[in-house]
Student: 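Dropping the structure in here first, questions after.
Numbers here simply count residues along the sequence, with the first being 1.
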Amino acid sequence: NEVIRAIYSAKAEQYRTRETRQLAAGVAAQSVPTGCIAYFGPKQNMGSDGTTRGATIRGPVDVNDLDAFTPNWRTTTGTTIKEWAQVSPFEPTFLVNPAVSATIAVYVEEEYTPEPTALTSSSDTLPLSADHEAAVVEWILGRAYGEETEEGSALRSEASFKKFWEFMA
């Protein structure tokens, strides 16, 4: 499970998905989906029913640009999102312009990399591309050598993890 999460994090764009979700009403600040490793933002408006394709959403845009060109964007509400801004890559929130209507449901299709499903059995299939097979082997070797106490094991462990990250580059 550890190696799967590391690969999903390093290659987030390769494992992203699109889903439709209702945004929080009456506010500009929105939370990223639960279990999100990497967020690529809302991509398209999906109407008040979650199924009607609408306008494409621009972004990410710079919050400072929104403040400079549309000073009241945080308090203006609407049902069609024009653009989105990331607060920080370290915060699980993003902002939308205009803020979401308090009375009409607003759905968007968004793109993100979800937390991988945990393996619970040795017969489970790795949810990874075959391209990452060699990286998985290096990760396993790195962990195994890291558990060893023999002379040179720490160096082997370090070399395997280094090789893993080279595969991820």
Student: Is there a side-chain contact between Y112 and E19 (heavy atoms, below 4.5 Å)?
Tutor: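 Of all side-chain heavy-atom pairs linking E19 with Y112, at least one is under 4.5 Å.
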Student: Between L119 and I37, is there a shared hydrophobic cluster once you connect ILVMFWY residues whose side-chain heavy atoms come closer than 4.5 Å?
Tutor: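 Yes, it is one cluster - the side chains of L119 and I37 are joined through contacts under 4.5 Å.
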Student: Out of curiosity, N72 CG to D67 CG, how far, rounded to the nearest 0.5 Å?
Tutor: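 The CG atom of D67 is 10.5 Å from CG of N72, to the nearest 0.5 Å.
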Student: Quick one: side-chain hydrogen bond (donor to acceptor under 3.5 Å, both in side chains) pairs with a partner in residues 78-100, sequence neighbours left out?
Tutor: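 Non-adjacent pairs meeting side-chain hydrogen bond (donor to acceptor under 3.5 Å, both in side chains): R58-E83, E83-N97.
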Student: Side-chain contact test, heavy atoms from C-beta onward, threshold under 4.5 Å: evaluate it for I140 versus V3 and give yes or no.
Tutor: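 Counting from C-beta outward, I140 and V3 never come under 4.5 Å.
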Student: Are I7 and F164 close enough, and set up right, to give a side-chain contact (heavy atoms from CB on, under 4.5 Å), and what steps lead you there?
Tutor: CA-CA 9 Å; I7 291 172; F164 169 83; 3.8 Å; yes
Student: Under 3.5 Å, side chain of S101 to main-chain N/O of I104, donor-acceptor pair present?
Tutor: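 It does hold such a pair.
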Student: Got a second to check how far Q22's CD is from S48's OG, nearest 0.5 Å?
Tutor: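 Q22 atom CD to S48 atom OG measures 9.5 Å (nearest 0.5 Å).
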Student: Residues in side-chain contact (heavy atoms from CB on, under 4.5 Å) with E133, at least two apart?
Tutor: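 Testing E133 for side-chain contact (heavy atoms from CB on, under 4.5 Å), a comparison that skips the adjacent residues, returns none.
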Student: Would V87 and V32 show up in the same hydrophobic cluster when neighbours are defined by side-chain heavy atoms closer than 4.5 Å?
Tutor: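 In one cluster: no.
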Student: Once salt bridge (Lys or Arg N to Asp or Glu O under 4.0 Å) is applied, do any residues pair with R156, and if so which ones, sequence neighbours excluded?
Tutor: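 Once residues adjacent in sequence are excluded, R156 has no partner under the salt bridge (Lys or Arg N to Asp or Glu O under 4.0 Å) criterion.
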Student: For A144, enumerate each residue passing the side-chain contact (heavy atoms from CB on, under 4.5 Å) test, keeping only those at least two apart in sequence or located in another chain.
Tutor: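 Applying side-chain contact (heavy atoms from CB on, under 4.5 Å) to A144 gives none.
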Student: For the pair S9 (side chain) and R5 (backbone), establish whether a donor and an acceptor sit closer than 3.5 Å, ignoring hydrogens and angles.
Tutor: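 Between the backbone of R5 and the side chain of S9 there is a qualifying donor-acceptor contact (under 3.5 Å).
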Student: Membership question, hydrophobic clusters at under 4.5 Å side-chain separation (ILVMFWY): are V106 and L95 in the same one?
Tutor: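 No, no single cluster joins them.
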Student: Quick one: does Y15's side chain have a donor or acceptor within less than 3.5 Å of a partner on S129's backbone?
Tutor: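 The answer is yes, because a donor-acceptor pair under 3.5 Å joins these two groups.
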Student: Got V63 and R74 here, is their nearest side-chain heavy-atom distance under 4.5 Å?
Tutor: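 The answer is yes; the side chains approach within 4.5 Å.
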Student: Is it true that atom CZ of R143 has more than 12 heavy atoms of other residues, nucleotides or ligands lying nearer than 6.0 Å?
Tutor: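 No.
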Student: Rounded at 0.5 Å granularity, tell me how far NZ in K11 sits from CG in D131.
Tutor: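 These two atoms lie 9.0 Å from each other.
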Student: Does F167 belong to the same Ile/Leu/Val/Met/Phe/Trp/Tyr cluster as V136, with side-chain heavy atoms less than 4.5 Å apart forming each link?
Tutor: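 Yes, same cluster.
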Student: Could you check whether any side-chain heavy atom of L128 comes within less than 4.5 Å of a side-chain heavy atom of Y8, counting everything from C-beta outward?
Tutor: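 They are in side-chain contact.
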Student: Tell me every residue that passes salt bridge (Lys or Arg N to Asp or Glu O under 4.0 Å) with E166, counting only those two or more places apart in sequence or in another chain.
Tutor: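 E166 satisfies salt bridge (Lys or Arg N to Asp or Glu O under 4.0 Å) with no other residue.
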Student: First locate atom OG1 of T120, then atom CG of N1, and finally report the distance between them rounded to the nearest 0.5 Å.
Tutor: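 Reported value, rounded in 0.5 Å steps: 8.5 Å.
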Student: Mark yes or no for whether Q30, through its side chain, and A24, through its backbone, hold a donor-acceptor pair below 3.5 Å.
Tutor: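 Side chain of Q30 to backbone of A24, a donor-acceptor pair under 3.5 Å: yes, one is there.
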Student: Do I81 and V100 come within less than 4.5 Å of each other through their side chains, counting heavy atoms only?
Tutor: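 I81 reaches V100 side chain to side chain.
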Student: In Å, rounded to the nearest 0.5 Å, how long is the span from NZ of K43 to OG1 of T20?
Tutor: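 Output value for this atom pair is 14.0 Å.
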Student: For T149, what residues pass the side-chain contact (heavy atoms from CB on, under 4.5 Å) criterion, not counting sequence neighbours?
Tutor: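 For T149, no residue satisfies side-chain contact (heavy atoms from CB on, under 4.5 Å) once neighbours in sequence are set aside.
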Student: May I ask you to decide if G54's main-chain N or O and Q44's side chain share a donor-acceptor pair within less than 3.5 Å?
Tutor: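 Checked: pair present.
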Student: Nearest 0.5 Å, what's the CG-OG1 distance between N45 and T52?
Tutor: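 These two atoms lie 11.0 Å from each other.
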Student: Is there a path of hydrophobic side-chain contacts, each under 4.5 Å between heavy atoms of I/L/V/M/F/W/Y residues, joining V61 to I57?
Tutor: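 No, separate clusters.
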Student: Within the supplied structure, the quantity of interest is the number of heavy atoms (other residues, nucleotides, ligands) at a distance under 6.0 Å from E158 CD; does it exceed 12?
Tutor: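 For E158, atom CD is not crowded (no more than 12 foreign heavy atoms under 6.0 Å).
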Student: Out of the candidates E111, R18, E110, only one should pair with F40 under the side chain to side chain contact (heavy atoms under 4.5 Å, CB included) rule; please name it.
Tutor: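 Option passing the side chain to side chain contact (heavy atoms under 4.5 Å, CB included) with F40: E111.
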